[in-house]
2 protein chains.
Amino acid sequence: MTKAHPTLTERCRQEGLRLTGPRRVILQVLEASDDHPDVEELHRRVEAIEPGVNIATIYRTVNTLAEHGLIERHSFADGRMRFEIVPETHHDHFINVETGEVVEFRSDEIERIQEEIARQYGFDIVSHTLDIYVRPRKG
Amino acid sequence: MTKAHPTLTERCRQEGLRLTGPRRVILQVLEASDDHPDVEELHRRVEAIEPGVNIATIYRTVNTLAEHGLIERHSFADGRMRFEIVPETHHDHFINVETGEVVEFRSDEIERIQEEIARQYGFDIVSHTLDIYVRPRKG
DNA sequence: CTCTGTGCAAAACTTTTGCACACTG
DNA sequence: CAGTGTGCAAAAGTTTTGCACAGAG
């Protein structure tokens with residue numbers, strides 16, 4: 001009987017964050033996103049559901065959510081911040097340099113080696129980002 | 001008799017880039033930097049050697065150098081672009097979240113596993129970035 | 001001499017913030 | 001009703017660009 005992953009809304013309640021109209025829509029959009037939208041894209045998706053939400057609200061909300069550990073920030077190679085819900089199990093990203101498409105993957109082996117090396121250097125890992133820029137293999 | 005790593009200046013000549021006064025100083029600063037300065041920091045270091053170089057020139061130069069593959073761009077967690085000379089052998093980064101200090105490391109094992117996974121997904125690796133955010137280990 | 005690079009200033013773009021008001025808990 | 005969140009507009013921070021001129025090859 002695995003308990004389902006708690007929704008963002010539930011996690012906000014746990015964190016004592018207020019569930020306002022705009023915030024509910026932003027959470028809904030984040031839940032529905034399986035890609036890694038930037039703030040402008042989130043704003044577009046929110047506006048499509050409920051017009052009138054200011055982009056400053058999106059910025060403030062993603063910052064709040066990230067501070068509470070509910071979403072993750074990414075940079076990739078374009079200048080903007082991109083976001084995704086904190087996944088149940090950590091994963092890394094392939095970025096197709098020809099299309100910009102992002103593919104998620106996970107390697108327990110890489111995770112393990114990272115821990116090992118960090119320990120050798122006397123560090124505890126807080127988090128990490130592995131972005132692999134790729135091109136479809138020809139042949 | 002291993003040939004020494006060619007200097008940035010030499011590599012610029014190879015690429016047909018012009019060696020102007022400001023550019024020479026920027027190259028000198030990059031050569032002398034074993035950290036990962038951002039544009040503002042580069043500008044400061046350049047100004048210390050030869051005042052009067054405009055920051056727009058720094059931006060244009062690092063972009064040119066990066067396009068020609070002579071330096072690498074990094075993002076880390078602060079909003080700004082940071083740079084370093086393309087190293088002889090690729091390495092990854094620990095970023096101490098308490099001090100901002102960056103430590104380089106390399107793992108052939110991680111490199112190998114990345115290749116392997118990329119192949120499984122049908123990708124050729126163009127480049128990659130592994131940033132591990134760490135804290136000094138207590139105990 | 002041609003063409004790349006530069007300084008300067010303005011613009012573009014992304015993100016943050018002050019303020020007055022609205023609304024959640 | 002206290003305190004958090006929001007809209008709006010302005011500001012701040014970073015990076016790019018148009019233009020006329022300087023200098024490298």
Side-chain angles (χ1 to χ4, degrees), chain A residues 8-30 36-47 49-68 70-83 100, chain B residues 8-30 36-47 49-68 70-83 100:
Chain A
L8 266 190
T9 307
E10 285 165 349
R11 304 200 57 197
C12 279
R13 239 192 291 269
Q14 287 169 18
E15 295 285 323
L17 297 175
R18 296 196 172 168
L19 293 169
T20 65
R23 188 166 285 177
R24 278 173 199 282
V25 180
I26 296 170
L27 297 175
Q28 173 188 341
V29 165
L30 283 167
H36 305 73
D38 59 23
V39 170
E40 208 184 351
E41 178 59 30
L42 284 174
H43 187 223
R44 224 169 328 198
R45 296 181 192 178
V46 166
E47 284 282 283
I49 296 173
E50 181 169 305
V53 177
N54 195 281
I55 197 164
T57 299
I58 313 280
Y59 273 105
R60 281 189 277 231
T61 303
V62 290
N63 285 340
T64 301
L65 296 178
E67 278 158 22
H68 286 258
L70 309 194
I71 63 177
E72 267 177 11
R73 265 184 247 263
H74 296 285
S75 288
F76 303 146
D78 51 6
R80 288 157 298 193
M81 287 287 172
R82 311 185 95 86
F83 301 88
Chain B
L8 265 190
T9 308
E10 287 166 347
R11 303 199 58 196
C12 279
R13 239 192 290 269
Q14 287 168 17
E15 295 286 323
L17 297 175
R18 295 194 173 170
L19 293 169
T20 65
R23 189 166 283 177
R24 277 174 202 281
V25 180
I26 297 169
L27 297 175
Q28 174 189 341
V29 165
L30 282 167
H36 305 73
D38 59 23
V39 169
E40 208 182 353
E41 179 59 29
L42 285 174
H43 187 223
R44 226 171 327 202
R45 296 181 192 178
V46 166
E47 285 281 283
I49 297 174
E50 179 169 306
V53 177
N54 197 280
I55 197 164
T57 299
I58 312 278
Y59 274 106
R60 281 189 277 231
T61 303
V62 291
N63 285 339
T64 302
L65 296 178
E67 278 158 22
H68 286 258
L70 309 193
I71 63 176
E72 268 177 10
R73 265 184 247 261
H74 296 284
S75 287
F76 303 146
D78 51 5
R80 287 157 299 192
M81 286 288 170
R82 309 184 98 85
F83 300 89

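What's counted below: heavy atoms across the whole structure, side chains too, no hydrogens, waters or symmetry copies. Within every chain, numbering begins at 1; the chains are lettered A, B, ... in the order of the sequence lines, protein sequences first and strands thereafter.
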Which atom pairs, donor and acceptor, lie under 3.5 Å between side-chain atoms of residues 14-27 of chain A and protein residues at least two apart or in another chain?
| unit_1 | atom_1 | unit_2 | atom_2 | d |
| --- | --- | --- | --- | --- |
| A/E15 | OE1 | A/H68 | ND1 | 2.9 |
| A/T20 | OG1 | A/R23 | N | 3.3 |
| A/R23 | NH1 | A/R18 | O | 3.0 |

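- Of the charged side-chain nitrogens involved, none lies within less than 4.0 Å of a carboxylate oxygen, so that B/R44 and B/E47 do not count as a salt-bridged pair.
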For residues 59-66 of chain A, tabulate all N or O donor-acceptor pairs below 3.5 Å that involve a side-chain atom, not counting sequence neighbours.
| unit_1 | atom_1 | unit_2 | atom_2 | d |
| --- | --- | --- | --- | --- |
| A/T61 | OG1 | A/T57 | O | 2.7 |
| A/N63 | OD1 | A/R73 | NH1 | 3.0 |
| A/N63 | ND2 | A/Y59 | O | 3.3 |
| A/T64 | OG1 | A/R60 | O | 2.8 |

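- The shortest non-hydrogen separation linking B/I55 to B/H43 is N-NE2, 3.7 Å.
- Taking atom CZ of residue B/R23 and atom P of nucleotide D/dA24, one finds them 12 Å apart after rounding to whole Å.
- Atom pair B/L27:CG and C/dG5:P shows a separation of 12 Å (rounding to whole Å applied).
- With rounding to the nearest 0.5 Å, the separation of CE in A/M81 from OG in A/S75 is 4.5 Å.
- The distance from atom CD of A/E15 to atom C1' of D/dT4 is 15 Å, rounded to the nearest whole Å.
- As rounded to whole Å, 11 Å separates atom C1' of C/dT6 from atom CD1 of B/I58.
- For the pair A/E47 CD and D/dT6 P, the interatomic distance rounds to 14 Å; values are reported in whole Å.
- Rounded to whole Å, atom P of D/dG13 lies 17 Å from atom NE2 of B/H43.
- Interatomic distance, B/D38 CG to B/H74 NE2, rounded to the nearest 0.5 Å: 13.0 Å.
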Per-nucleotide protein contact string for nucleotides 15-25 of chain C, where B marks a base within reach and S marks sugar-phosphate only (heavy atoms under 4.0 Å, - for neither): BBBB-----BS
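- Considering only side-chain N and O atoms, A/N54 lies under 4.0 angstrom from the phosphate OP1 or OP2 of D/dC8.
- B/D78 places its CG atom 18 Å from the P atom of C/dT14, with the value rounded to the nearest Å.
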